[in-house]
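Right, one structure below, let's go through it.
Naming: A, B, ... by sequence-line order, numbering from 1 per chain. Just so it is clear, the structure is predicted and the values come from calculations on it, not from any experiment.
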Amino acid sequence: MGIFDCDIHVYPSDSCPLESFVPDKLRLAVELGMDTQPWNGYRNPHGVNRRDVECDNAADLARLHLDPAGVIRGVLQPQPGLYLSMIQNVDVANAMARVWNDWQAENYLAQDARLLGSACLNMADPVAAAHEIRRIAANPQFVQVVVPGEAAFLYGHRFYDPVFAACEECGLVFALHPGVEGALSSSTPVGRPSTYLEWHSTLSLTYQAHVASMVCEGLFERFPRLRVMLVEGGIAWLPHLLWRLDKNFKALRHTVPRLRRLPSEYVFDHVWFTSQPIEEPADARDFLSLLGMVRAEERLCFSSDFPHWDFDDPGNVFPSSVSVAWREKIFRRNAEGLYGQRPAALPLPPNPQTPSAG
Amino acid sequence: MSAASPSSSAVDVPLLPRDFALDRAFAETGHGVRPARAGTRVLNAGSLDGLESEPCRIVPDGKSSIGVYLIDGCLYAVRNQCPHKGAPLCRGQLGSTYRPVGAGAEPFEEVLCNRVLRCPWHGWEFDVVSGKGLYDAQGRVRTYPVRLNSNREIEIFI
């Protein structure tokens with residue numbers, strides 16, 4: 001009779017390769033991974049790590065970064081563990097949180113007292129995540145939990161309340177870190193960007209949404225001791241968002257009756273920011289204005305993002321016009337204040353070196 | 001200023017400036033190595049032998065250093081310091097890039113093969129031959145004329 005099969009799969013292989021059909025002019029684009037698809041995420045075509053360092057363990061980290069840069073305390077951001085909330089199997093994700101946190105504790109925290117940990121969590125199961133927080137809190141070197149900007153709900157949502165309660169109880173900071181935005185839906189409210197450049201440059205959209213949610217949902221009324229750190233999100237968008245929130249609040253306050261203060265007041269009491277990737281306006285005066293607008297002398301904490309491609313070197317991250325007093329606060333004091341509830345973050349040795357004008 | 005004729009019903013919109021920063025940057029890559037200035041000193045960068053197998057030879061020069069490249073049989077020397085944040089530029093990768101073409105042409109025109117140096121820190125691109133930065137109109141890294149002396153040793157004019 002003969003069979004008519006309507007679904008047979010074929011693949012390029014060594015014996016019938018695809019490469020010879022790729023036109024010359026597209027070769028570089030394919031080599032750079034510019035044909036990435038949504039399930040691959042947005043990939044930097046050149047990789048995300050600096051090309052002049054290979055950092056594989058705590059000893060490498062000390063030799064390549066902590067020692068030469070004069071870092072006395074360094075908060076780790078384990079990757080890709082910090083994205084494990086995206087693991088589709090909830091039980092596996094809960095188990096992997098323990099895996100990542102034990103790996104970090106043994107391989108890094110136990111190896112170098114300067115290192116402080118960020119616990120990875122499965123935010124898809126907030127009760128299990130809260131249990132994990134209480135487990136890792138026994139290690140004084142864990143100073144915060146870290147979750148990705150991508151999430152099933154905006155972080156003001158009460159779905160996550162068990163996590164916030166555990167953070168408050170244990171004195172741990174709740175930190176957001178970008179990456180995998182677009183894994184669950186789109187990284188922008190109106191569709192997927194085409195390039196890593198576009199994706200990376202608009203990540204602050206997600207942070208704006210989370211900050212507005214945390215404020216307007218009354219998160220900081222429910223958890224008045226909660227402290228939030230926004231990592232690697234930039235700062236220039238913050239005045240824009242807070243001015244809009246405060247202005248609209250005056251007319252729409254009755255729609256958020258749980259709030260008892262202006263939105264900006266909640267943010268400047270509960271939210272801190274890391275510096276990298278610091279905005280680099282051509283005119284240094286604009287940078288000073290920006291620092292003032294975000295109250296950098298209280299809220300901004302230096303971060304290098306070592307060893308990533310867009311890292312900031314503490315020796316030349318700020319223009320020389322940033323005062324020594326502000327450098328003291330941004331390079332050290334603000335982070336001490338934020339993380340100081342955890343014993344390992346304090347005490348610190350006296351008379352540290354603060355990077356001078358570069 | 002206007003492409004529209006007086007009788008046209010089209011709105012009279014002035015053209016935007018046609019002098020684009022990246023066009024200028026890429027045009028400068030055709031200028032080649034800058035000539036040595038008078039009164040330059042000479043830095044010996046060692047023998048040519050073996051350079052074929054080295055991606056780049058870093059030659060100390062006081063507190064700084066210079067990267068020497070052998071590309072398609074020609075020697076080039078580049079200051080080993082990125083003008084952005086001072087990174088060791090010559091530890092970056094050498095490759096090609098795509099020319100900025102605007103909307104009127106096909107994209108993906110691969111150019112400057114094996115002469116685009118990508119900073120190992122922040123990824124800024126530079127043309128090794130001309131020193132021109134490929135990210136804006138002004139940026140460049142310093143390059144130096146190079147010659148081979150009679151002993152097949154590389155001499156950099158600084």
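- Listed for the A:Asp52 side chain is no donor-acceptor partner under 3.5 Å among the backbone atoms of B:Arg91.
- Within a 6.0 Å sphere centred on CZ of B:Arg24, other residues, nucleotides and ligands contribute more than 12 heavy atoms.
- Considering OH of B:Tyr98 and CG of A:Leu26, their distance stands at 5.5 Å, rounded to 0.5 Å.
- The shortest non-hydrogen separation linking B:Lys85 to A:Val317 is NZ-O, 3.9 Å.
- Atom CD of residue B:Glu106 and atom NZ of residue A:Lys25 lie 4.0 Å apart, to the nearest 0.5 angstrom.
- Counting heavy-atom pairs under 4.5 Å between each of A:His308, A:Met34, A:Glu280 and chain B puts A:Glu280 at the top.
- Taking the salt bridge (charged side-chain N to carboxylate O under 4.0 Å, His left out) definition, one finds that A:Asp310 meets it with nothing, sequence neighbours left out.
- Two residues are said to be in side-chain contact when any heavy atoms from C-beta on lie closer than 4.5 Å; A:Trp309 and B:Trp121 fail this criterion.
- Judged purely by atom type and a 3.5 angstrom limit, B:His122 uses its side chain to pair as donor or acceptor with the backbone of A:Phe311.
- Proximity to chain B is limited to the backbone of A:Asp24, based on heavy atoms less than 4.5 angstrom apart.
- Atom SG of residue B:Cys119 and atom NE2 of residue A:His46 lie 12.0 Å apart, to the nearest 0.5 angstrom.
- Looking at B:Glu109, there are no atoms closer than 4.5 Å to chain A (heavy atoms on both sides), in backbone or side chain.
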